[in-house]
Amino acid sequence: MPLTQTTVEQLMHERKSVRKYKEGVVIPQEKLQYLLQQAITAPSSSNLQPWRFLVIQDQQVKKELRAIANDQEQVETSSAIIAVLGDLEMYEHVEQIYDANYEQGFITREVADLMITKSRALYSNLPEAVLKNIVHFDSGLVSMQIMLLAKDMGYDTVPMGGFDKVKFAEKFNLPQNEIPILLIAIGEASAPAYGSSRLPLEQIAHFI
């Protein structure tokens with residue numbers, strides 16, 4: 001076993017779900033942009049990157065959002081809310097994605113064209129329920145990166161799935177192909193977060 005933890009291990013253990021935030025703390029927009037730019041290196045199904053983000057910093061809007069997020073205090077008191085959305089029509093961007101992969105020298109033109117054809121044919125014909133499963137899974141991957149990166153930048157976070165997704169979509173006029181998945185509060189903690197236990201590994205992992 002290693003005697004010292006890596007930076008990633010430290011971040012994983014130091015990241016806690018914080019629900020008490022210092023009010024009035026403003027995170028510069030360029031820092032939030034940097035955070036998201038780094039987080040979107042997360043993997044996704046066929047590299048279609050179905051995540052979309054709505055970053056809510058306006059205090060009045062956060063107050064209104066609190067009303068449809070089970071009155072969770074951190075929605076209003078944190079510096080910002082990063083709403084993670086999923087695009088059910090992510091395959092519409094397949095040409096842009098694979099053309100860029102080719103132009104940046106990651107793949108050949110032949111591979112790019114093949115992936116464009118196969119991905120569009122596959123994803124455009126999937127049932128909506130399957131597409132929802134895909135965007136939820138991929139959005140979870142990028143969300144974890146957001147929270148770890150935020151901790152590395154000196155900020156705390158808490159993920160929230162407890163909000164009225166129908167009312168959220170209505171309030172922010174989301175297009176029909178975009179669905180709300182998760183809210184992530186980000187800011188500076190005003191009180192320590194609670195620790196939390198984990199089930200024993202031997203109870204949840206089996207090696208064969």
Side-chain angles (χ1 to χ4, degrees), residues 1-23 25-57 62 69-70 72-75 77-87 90 97 101 104 106 132-163 180-208:
M1 295 293 292
L3 297 178
T4 58
Q5 291 183 326
T6 67
T7 300
V8 173
E9 288 176 314
Q10 290 174 353
L11 288 172
M12 283 167 30
H13 289 284
E14 291 171 1
R15 186 219 62 81
K16 304 294 181 186
S17 292
V18 169
R19 292 175 174 82
K20 296 290 184 181
Y21 289 90
K22 297 177 184 177
E23 297 189 53
V25 174
V26 176
I27 300 177
Q29 185 162 317
E30 57 268 24
K31 284 193 174 184
L32 291 169
Q33 290 174 326
Y34 177 83
L35 170 63
L36 293 178
Q37 186 65 58
Q38 301 308 308
I40 60 175
T41 60
S44 61
S45 304
S46 298
N47 193 33
L48 292 182
Q49 306 160 52
W51 42 69
R52 306 290 180 262
F53 307 102
L54 178 61
V55 183
I56 304 165
Q57 301 167 272
K62 287 193 293 169
N70 296 330
Q72 296 180 83
E73 174 187 314
Q74 64 268 21
V75 172
T77 58
S78 60
S79 300
I81 297 294
I82 301 173
V84 183
L85 317 173
D87 186 355
M90 68 289 201
I97 291 168
N101 283 349
Q104 294 175 39
F106 299 141
K132 284 184 176 180
N133 283 338
I134 291 170
V135 301
H136 273 82
F137 182 85
D138 289 348
S139 295
L141 295 174
V142 78
S143 295
M144 192 68 249
Q145 295 214 152
I146 289 172
M147 291 185 285
L148 289 175
L149 286 161
K151 188 63 180 176
D152 193 42
M153 294 170 66
Y155 297 109
D156 290 289
T157 57
V158 59
M160 297 169 285
F163 63 103
I181 294 175
L182 186 71
L183 303 178
I184 300 175
I186 180 172
E188 294 182 6
S190 64
Y194 292 109
S196 56
S197 63
R198 294 296 183 269
L199 292 169
L201 186 64
E202 58 269 23
Q203 185 176 333
I204 60 173
H206 301 278
F207 298 82
I208 58 175

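No experiment lies behind these values; they were computed from the predicted model shown.
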Side-chain donor-acceptor distances from residues 37-50 under 3.5 Å, at least two apart:
from	atom 1	to	atom 2	distance (Å)
T41	OG1	Q38	O	2.8
T41	OG1	Q145	NE2	3.3
S44	OG	L48	N	3.4
S44	OG	Q49	N	3.0
S45	OG	D138	OD1	3.4
S45	OG	D138	OD2	3.2
S46	OG	Y123	OH	2.7
N47	OD1	Q49	NE2	3.2
Q49	NE2	N47	O	3.1

Practice task
For E14, look at atom CD and say whether over 12 heavy atoms of other residues, nucleotides or ligands are found less than 6.0 Å away.
Solution key: yes
Is any side-chain heavy atom of [Y] closer than 4.5 Å to one of [X]?
{"X": "E188", "Y": "D156", "result": "no"}
{"X": "F53", "Y": "I146", "result": "yes"}
{"X": "I81", "Y": "M160", "result": "yes"}
{"X": "L32", "Y": "Q57", "result": "yes"}
{"X": "S139", "Y": "L182", "result": "no"}
{"X": "L36", "Y": "W51", "result": "no"}
{"X": "K151", "Y": "T157", "result": "no"}

Practice task
Determine which pairs satisfy side chain to side chain donor-acceptor pair (under 3.5 Å) with at least one residue from residues 198-207, sequence neighbours left out, and list them in order.
Solution key: S196-R198
Looking at [X] and [Y], what are the two nearest heavy atoms and their distance?
{"X": "T6", "Y": "E9", "result": "N-OE1, 2.8 Å"}
{"X": "A150", "Y": "I186", "result": "CB-CD1, 3.8 Å"}
{"X": "N70", "Y": "G162", "result": "ND2-O, 3.0 Å"}

Handout entry: Partner residues of R19 under the side-chain hydrogen bond (donor to acceptor under 3.5 Å, both in side chains) criterion, sequence neighbours left out
Key = none
Handout entry: Contacts of E73 that satisfy side-chain hydrogen bond (donor to acceptor under 3.5 Å, both in side chains) - sequence neighbours left out
Key = K20
Handout entry: Derivation of the side chain to side chain contact (heavy atoms under 4.5 Å, CB included) call for L35 and I27
Key = CA-CA 11 Å; L35 170 63; I27 300 177; over 6 Å; no
[atom1]-[atom2] distance between [X] and [Y], expressed to the nearest 0.5 angstrom:
{"X": "L148", "Y": "Q10", "atom1": "CG", "atom2": "CD", "result": "12.5 Å"}
{"X": "H136", "Y": "I181", "atom1": "NE2", "atom2": "CD1", "result": "4.5 Å"}
{"X": "L54", "Y": "L85", "atom1": "CG", "atom2": "CG", "result": "6.0 Å"}

Problem - side chain to side chain contact (heavy atoms under 4.5 Å, CB included) partners of P28, counting only residues at least two apart - result: E30, K31, Y155
Exercise for the section: Report the C-alpha distance between M90 and I134 in whole Å, list the side-chain angles of each, state the deciding distance to 0.1 Å, and finish with yes or no for side chain to side chain contact (heavy atoms under 4.5 Å, CB included). Expected result: CA-CA 10 Å; M90 68 289 201; I134 291 170; 3.9 Å; yes
Handout entry: Donor-acceptor contact present, side-chain S78 to main-chain G187, <3.5 Å
Key = no
Completion exercise
Residues passing the salt bridge (charged side-chain N to carboxylate O under 4.0 Å, His left out) test with K62, sequence neighbours excluded, are none
